[in-house]
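Protein chains get the first letters and strands the later ones, always in sequence-line order, with residue 1 at the start of each. Model, not experiment: these values are computed from the prediction.
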Protein chains: 2
Amino acid sequence: MADTKIRNMEEFAAVSGISRPTVSKYFNDPESVRDSTRTRIEAALEKHAYRPNIYAMNQNRKLTKNLGIVVPLLSDPYFAEIARNLEQRCIAAGYRPTLFSSHGQPEMEVHVLDTLRSLKPAGVLLAPLGRSSEKDALSAFCDDVPTLIFDSSVDELGLAFVGSDNMQFTAHITDYLCRTGEPPCFFEMKTPANPNAHRRRQSYLSAMEEFGYTPDVISIDGEGWEFEEIGRLGGHQALKDGRFSTNTILCSNDRLAIGLLTACYEQGVSVGRAEGATIRVAGQDGHPHSRYTCPPLTTISHDYEAVSQTAADALFAAIDGQVSPWKSTRLEGKLILRDSA
Amino acid sequence: MADTKIRNMEEFAAVSGISRPTVSKYFNDPESVRDSTRTRIEAALEKHAYRPNIYAMNQNRKLTKNLGIVVPLLSDPYFAEIARNLEQRCIAAGYRPTLFSSHGQPEMEVHVLDTLRSLKPAGVLLAPLGRSSEKDALSAFCDDVPTLIFDSSVDELGLAFVGSDNMQFTAHITDYLCRTGEPPCFFEMKTPANPNAHRRRQSYLSAMEEFGYTPDVISIDGEGWEFEEIGRLGGHQALKDGRFSTNTILCSNDRLAIGLLTACYEQGVSVGRAEGATIRVAGQDGHPHSRYTCPPLTTISHDYEAVSQTAADALFAAIDGQVSPWKSTRLEGKLILRDSA
DNA sequence: AATAAATCTTTACGCGCGTAAATTTTTTGT
DNA sequence: ACAAAAAATTTACGCGCGTAAAGATTTATT
């Protein structure tokens, strides 16, 4: 119980019987003081529940304990999930993460970076919008703030890049589809939001060529981040026009696949690998929702844990002063077999 | 271009030709200075891109321009969507919102409130976890920080409550289902996470009684926030046990319905209002994903815009000093007719 | 027990800005 | 053009803490 209200570190130092500079040292890093001192401070902390004023704390410190986590679209459960994962790791490592979403808008991304700058963060975990990002703003930001890029790489910006191995993703699932039925055609957006989509198309083309099949890419129209709706509309159009050359469709990502499944439903096209189904549909990403589509979506999933751990650890290492040359880490995905393909 | 780096407000005041206190006044509220002064400051701002140090700013100010937005689970697109909506409104109103998720964990909710406290926010928009919330911590927080509760009410905490009219939701969609086919049974979690679920059950019972039908509530097991999986497993069980007394199922919320649809698919039960379908399924919430289920889900949707606007405006008014007694505002939902029911 | 090393205390300054009071300048109204 | 009102300037202090330096105290080493 706080019998007397502690107004500042001076007063707290008094009640804990430790000098203020030492208390300050403790809050900077509890390990930096002697055990006996730490015990006394923490005993006082129990009694009085004092917390240092973070504004006064961060004003003079060259580097704060703040971290930024930026994703392109928080309403996409994939990003929400990876953001949650990163957030937990940051907290566990003793940082104060703040979550931001660019909401799919380049100007918002710039605004977020601007806000982040003023927070003087020790580092930032940034998943850029991709194609529509204002490269100059990103680049300038990375020059000023230790930034680790994840999910979608932009040039060789920042400390390093950590993401998934999109080439492996597509090669792997294409291989699976070829071995279990007709070779797939590839369903994608004509102007995808991020570079991962290009890698996936490229990998599809390579894989098909390697297997001796003729690739068939269906590129649908649509701008923005409403992938389900783009997939649904594009799916309707493609079905109507008979553009699917095989009974197997590999989608560039799960959200597109979810939209395509809806289009299939709406046109009465049955989907699945079971007898009697007309077409097979597979996605890519291991989207949290993919388990609950009808039929449940066969997909190749990001290794969420590994991506977030690798990304977070790389940033922490850089913050701790471990300099290492820019590098790109791409982690393999795991095939998740469900009923759709 | 910034020819000379501006280090603080003093230097910026110098290059803009305005005194520092006036510049300070400008950053507090641009409207509070003369037009000619504002123009000169903004001209200098163009040239030098100076931003006040937010830590120094907030250190002395009794009230910051910070706002907190807290949702129980950010990976639920419903909350992600409403959070995005609120965030935009806060920015438009000149505040600096920060987004937090309790990730479905009561201890995380407490941690978030603790973090929020140290940010000395002007106000907080809080959607509590509900049943599992630590009431005392919430209550203590509301005593210290102007807090507006939304989505799910807890006692009469905070400045006010803004949410949806769950009674109207369920009455309305129950009415629709009764008029268009067999009266619905009600599919829900036995121990729901928040009080809205209780209102919905109550409203279902009242509506059925009013229409002269016998209500049938199927309460399924499951703890936590993975509603789709709970709905899927509960759906399997209920289908196996033949617990659905009519061919129409009203789910307590859309995520449960999504899981139930998956269970139906997995058991080969056809869903829809079309000829030949076995059962009808309806949800409640207007979840962003409900458009893309197979079949697309008939639901009653929150008025996202109205809820977020009412909540944000109420908080802004309170921050501006407009005192008003605690009140609860519950907004009506709109029926969205799709193929599932 | 004596010395060296680590840690703590005391003292002091500064960070960047909010803010108040007294004064001067500019704008407004007639 | 003149007085009154509004706004800007000058001056000055304080917020809560980081941090540096010098001296005092505790702990570790032999």
Chemist: Look at the side chain of A:N60 and the base of D:dC17, then say whether one donor and one acceptor between them are separated by less than 3.5 Å.
Modeler: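 Under the 3.5 Å cut-off, the side chain and the base do form a donor-acceptor pair.
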Chemist: Touch check for A:T37, heavy atoms < 4.0 angstrom, all strands: base, sugar-phosphate only, or nothing?
Modeler: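 Result for A:T37 = sugar-phosphate.
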Chemist: State which of D:dC17, D:dA8, C:dG18 makes the closest approach to the side chain of B:S19.
Modeler: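 Between D:dC17, D:dA8, C:dG18, the one nearest the side chain of B:S19 would be D:dA8.
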Chemist: Measure across A:L113 and A:A137 and return the closest heavy-atom pair with its distance rounded to 0.1 Å.
Modeler: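 Smallest heavy-atom distance, with atoms named: CD1-O, 4.3 Å.
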Chemist: Where do A:E81 and A:R84 land on the salt bridge (Lys or Arg N to Asp or Glu O under 4.0 Å) test, with the steps shown first?
Modeler: CA-CA 5 Å; A:E81 174 58 20; A:R84 185 189 60 77; 2.8 Å; yes
Chemist: How long is the line joining CE of B:M57 and P of D:dG14, in whole Å?
Modeler: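 Computing the B:M57:CE to D:dG14:P distance gives 22 Å.
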Chemist: Can you label the angle between the A:F12 ring and the A:F27 ring as parallel, tilted or perpendicular, going by 30° and 60°?
Modeler: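 The rings of A:F12 and A:F27 sit tilted, inter-plane angle from 30° to 60°.
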Chemist: Would you kindly check whether a donor in the side chain of B:R20 faces an acceptor in the base of D:dT11, or vice versa, at under 3.5 angstrom?
Modeler: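 By the distance-only test, no, there is no pair.
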Chemist: At under 4.0 Å between heavy atoms, what does A:P21 touch on the DNA or RNA strands: base, sugar-phosphate, or nothing?
Modeler: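 Touches a base.
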Chemist: Checking salt bridge (Lys or Arg N to Asp or Glu O under 4.0 Å) for the pair A:R89/A:E305: CA distance, chi angles, key distance, verdict?
Modeler: CA-CA 10 Å; A:R89 290 177 200 282; A:E305 292 283 322; 3.0 Å; yes
Chemist: Taking CD from B:E11 and P from C:dC15, how many angstroms apart are they, rounded to a whole number?
Modeler: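 Going from CD in B:E11 over to P in C:dC15 covers 11 Å.
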Chemist: Distance check needed: D:dC17 P versus B:K120 NZ, whole Å only.
Modeler: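 Value for this atom pair: 9 Å.
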Chemist: Strictly below 4.0 Å: does A:S24 bring a side-chain N or O up to OP1 or OP2 of D:dG18?
Modeler: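 Yes, within the criterion.
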Chemist: Figure out the NZ/C1' separation between B:K25 and D:dA8, and round it to whole Å.
Modeler: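 B:K25 atom NZ is separated from D:dA8 atom C1' by 9 Å.
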Chemist: Could you say whether A:F27 or A:S36 is positioned toward the 5' end of DNA chain D, judged by the nucleotide with the nearest heavy atom to each?
Modeler: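 Whichever sits nearer the 5' end wins; that is A:F27.
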Chemist: Once rounded to the nearest 0.5 Å, what's the spacing between atom CG of A:L126 and atom OG of A:S102?
Modeler: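 The CG atom of A:L126 sits 7.0 Å away from the OG atom of A:S102.
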Chemist: Output the rounded distance in Å from CZ (A:R40) to C1' (D:dT26).
Modeler: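 One finds 12 Å between C1' of D:dT26 and CZ of A:R40, rounded.
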Chemist: Nearest whole angstrom, please: distance from the P of C:dC17 to the CZ of B:R7.
Modeler: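 Spelled out: CZ on B:R7 to P on C:dC17 is 12 Å.
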Chemist: Please report the distance, rounded to the nearest Å, between CD1 in A:I18 and P in D:dT25.
Modeler: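 The answer, rounded to whole Å, is 15 Å.
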Chemist: Does the D:dG16 base have a donor-acceptor partner in the side chain of A:Q59 within less than 3.5 Å?
Modeler: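 Checked by distance alone, the answer is yes.
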Chemist: Between C:dC17, C:dG16, D:dC17, which nucleotide gets closest to the side-chain atoms of A:P52?
Modeler: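 Within the option list, the nearest is D:dC17.
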Chemist: 5'-most contact on DNA chain C: B:R51 or B:R34, nearest heavy atom basis?
Modeler: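 Going by which nucleotide is closer to the 5' end, it is B:R51.
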Chemist: Under 4.0 Å between any heavy atoms, over every strand shown, what does A:Y50 touch: base, sugar-phosphate, or nothing? Just pick one.
Modeler: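 If one applies the 4.0 Å heavy-atom cut-off, A:Y50 turns out to touch the sugar-phosphate alone, with no base involved.
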Chemist: A:N58 has an atom CG; how far is it from atom P of D:dT19, in whole Å?
Modeler: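 A:N58 atom CG is separated from D:dT19 atom P by 11 Å.
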